[in-house]
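Note sheet for the following structure.
Positions are given from 1 along the sequence.
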Amino acid sequence: MTASLQDPAFVEFRDVWLAYNDELQAKNQFAVEAIDLQVRRGEFIAIVGPSGCGKSTFMKLATGLRMPSIGKIRIDGQPVTGPLKISGMAFQSPSLLPWRTTVDNVLLPLEIVEPHRSQFKARRKEYEDRARRLLQKVGLGGYEDKFPWELSGGMQQRASICRALIHEPKMLLLDEPFGALDAFTREELWCILRDLHAEQQFNVILVTHDLRESVFLADSIYVMSKSPGRFVVRRDIDIPRPRDLELTYTKEFSDIVHELRGHIGAMRKTGTVINQ
């Protein structure tokens with residue numbers, strides 16, 4: 001990361017609570033509660049926790065798709081009042097449009113999001129060149145004009161990440177992006193994401209069930225409690241970058257994974273909140 005500790009937070013949650021409707025809020029039934037978070041510019045964070053703890057709800061708040069019931073959110077110095085244009089998203093399912101080629105799928109955000117939409121026809125060649133360069137970076141050179149049904153699952157997910165990055169967002173949000181892939185493909189994509197982040201220094205918020213993935217990729221990991229979700233543990237990962245896959249076989253790496261697994265296991269057994 002290039003940001004210093006003195007820089008203002010790029011992502012800031014101040015005592016954020018969310019209930020999905022007024023009736024639930026009146027009953028004090030919140031999906032997430034008391035979320036306080038400060039993320040530096042360029043930082044890569046991961047959110048882990050038991051199923052149903054509110055990780056995806058947190059992502060909706062971070063993208064402006066949901067407004068908090070209580071509290072304030074600021075991203076890139078601005079209050080969040082609606083869906084963010086400075087973010088890109090990728091999910092577990094690549095959701096590529098089957099009638100569009102790989103490059104045309106990647107270009108889709110530029111066709112629908114301003115200010116690119118109004119410039120798309122005039123700048124089509126420039127945008128397409130950008131998409132093809134991005135596809136080559138993730139190992140899809142030669143597949144730019146193939147259709148999704150001609151790509152493997154891992155290739156489709158690479159294209160999905162390119163689509164999330166094509167408009168050069170300041171923040172990338174990833175919700176279980178590699179969960180449906182085999183172990184070898186998943187590790188290949190870890191390395192691709194590592195390299196893209198190192199090169200472009202966008203912020204990343206990764207939601208994952210894979211603790212190895214979180215330790216390999218993230219600067220800091222936040223463990224969420226059972227619903228209502230709140231951050232109960234923050235674990236900074238002080239392993240130097242760049243990190244290669246050999247790291248995942250070291251004792252240092254395994255010890256951190258086991259530590260995080262212990263926190264989550266304790267919550268599953270007792271529901272007890274662990275102090276930071």
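Evaluation of the side-chain hydrogen bond (donor to acceptor under 3.5 Å, both in side chains) rule for T250 yields no partner, not counting sequence neighbours. With sequence neighbours excluded, no residue satisfies side-chain hydrogen bond (donor to acceptor under 3.5 Å, both in side chains) with Q92. Under the rule for a side-chain hydrogen bond (donor to acceptor under 3.5 Å, both in side chains), the partners of D236 that lie at least two apart in sequence or sit in another chain are S220, R234. In terms of the side chain to side chain contact (heavy atoms under 4.5 Å, CB included) criterion, residue partners of F10 (sequence neighbours excluded) are, by chain and number, R41, I75, D76, I86, K170, M171, N203. By the side chain to side chain contact (heavy atoms under 4.5 Å, CB included) test, Y20 pairs with L18, L24, A31, T57, K60, R66, sequence neighbours left out.
Just one of R117, R163, R123, R100 meets the salt bridge (Lys or Arg N to Asp or Glu O under 4.0 Å) condition when paired with E111; it is R100. Of the candidates F253, W190, Y249, F44, F216 forms a ring-ring contact (aromatic ring centres under 6.0 Å, His included) with just one, namely W190. For the side-chain contact (heavy atoms from CB on, under 4.5 Å) with I45, the lone residue among V11, D219, I205 that qualifies is I205.
To the nearest 0.5 angstrom, E128 atom CD is 11.5 Å from L110 atom CG. With rounding to the nearest 0.5 angstrom, the CE atom of M155 is 3.5 Å from the OH atom of Y143. Atoms OG and CD, from S254 and E259 in turn, are 12.5 Å apart once rounded to the nearest 0.5 Å. Interatomic distance, I192 CD1 to R158 CZ, rounded to the nearest 0.5 Å: 4.0 Å. We find the CG-CG distance between N105 and L96 to be 4.5 Å, quoted to the nearest 0.5 Å. Atom-to-atom distance recorded for S227:OG and K55:NZ is 11.0 Å, nearest 0.5 angstrom.
M67 is connected to M89 through a chain of hydrophobic side-chain contacts under 4.5 Å among Ile, Leu, Val, Met, Phe, Trp and Tyr, so both are in one cluster. No single ILVMFWY cluster, assembled from side-chain heavy atoms under 4.5 Å apart, contains both L108 and L151. No path of Ile, Leu, Val, Met, Phe, Trp and Tyr side chains, each step under 4.5 Å between heavy atoms, connects L65 with V32, placing them in separate hydrophobic clusters. Linking ILVMFWY residues whenever their side-chain heavy atoms come closer than 4.5 Å, directly or via other members, places L193 and V215 in the same cluster. Hydrophobic clustering places V207 together with F91 (ILVMFWY residues linked when any side-chain heavy atoms are closer than 4.5 Å, directly or through intermediates).
Counting only heavy atoms from C-beta outward, the side chains of L196 and L172 never approach each other to under 4.5 Å. Within the 4.5 Å cutoff, the side chain of V16 has no heavy atoms near those of the I70 side chain. Within the 4.5 Å cutoff, the side chain of K137 has no heavy atoms near those of the L165 side chain. Side-chain atoms of V232 and H263, non-hydrogen and from C-beta on, never get closer than 4.5 Å to each other. In this structure, E168 and R130 have side chains that are in contact, with non-hydrogen atoms separated by less than 4.5 Å. For the pair T101/E144, no side-chain contact is recorded, criterion being any heavy-atom separation below 4.5 Å from C-beta on. Side-chain contact between C53 and K226 is absent, with no heavy-atom pair separated by less than 4.5 Å. By the 4.5 Å heavy-atom criterion applied to side chains, Q156 and T102 are not counted as neighbours.
For the side-chain hydrogen bond (donor to acceptor under 3.5 Å, both in side chains) condition, no pair includes a residue of residues 78-90, sequence neighbours left out.
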**OP:** Before giving the answer on side-chain contact (heavy atoms from CB on, under 4.5 Å), spell out for I256 and I239 the whole-Å C-alpha distance, their side-chain angles and the decisive distance to 0.1 Å.
**Re:** CA-CA 10 Å; I256 298 172; I239 301 171; 3.9 Å; yes
**OP:** Start with the C-alpha distance between H197 and L217, add both sets of side-chain angles, then the distance that settles side-chain contact (heavy atoms from CB on, under 4.5 Å), and finish with yes or no.
**Re:** CA-CA 10 Å; H197 175 250; L217 288 169; over 6 Å; no
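For D244, the CG atom sits in a packed shell: over 12 heavy atoms of surrounding residues, nucleotides or ligands are nearer than 6.0 Å. Counting non-hydrogen atoms of neighbouring residues, nucleotides and ligands closer than 6.0 angstrom, the OH atom of Y127 exceeds 12 such neighbours. Counting heavy-atom neighbours within 6.0 Å of E199 CD, excluding the residue itself, gives a total above 12.
The two residues A19 and S69 have their closest heavy-atom pair at N-OG, 2.9 Å. Taking both residues in full, the closest heavy atoms of L189 and G154 are given as CD1-O, 4.2 Å, listed atom of the first, atom of the second, then distance. Shown here for C162 and V138, the closest heavy-atom pair between the two residues is SG-CG2, 3.5 Å. Of all heavy-atom pairs spanning P177 and L206, the tightest one is CD-CD1, 3.6 Å. Across all non-hydrogen atoms, the minimal contact from A218 to I237 is O-CB, 3.5 Å. L135 and A159 get closest at one heavy-atom pair: CD2-CA, 4.4 Å.
With E150 contributing its side chain and F147 its backbone, the two residues share a donor-acceptor pair below 3.5 Å. Between the side chain of R235 and the backbone N or O of I221, no donor-acceptor pair lies under 3.5 Å.
The distance between the ring centers of F13 and F231 does not fall below 6.0 angstrom.
Salt bridge R133/D129: absent, no basic N to carboxylate O contact under 4.0 Å.
Ring geometry for W17 versus F30: interplanar angle over 60°, hence perpendicular rather than tilted (30 to 60°).
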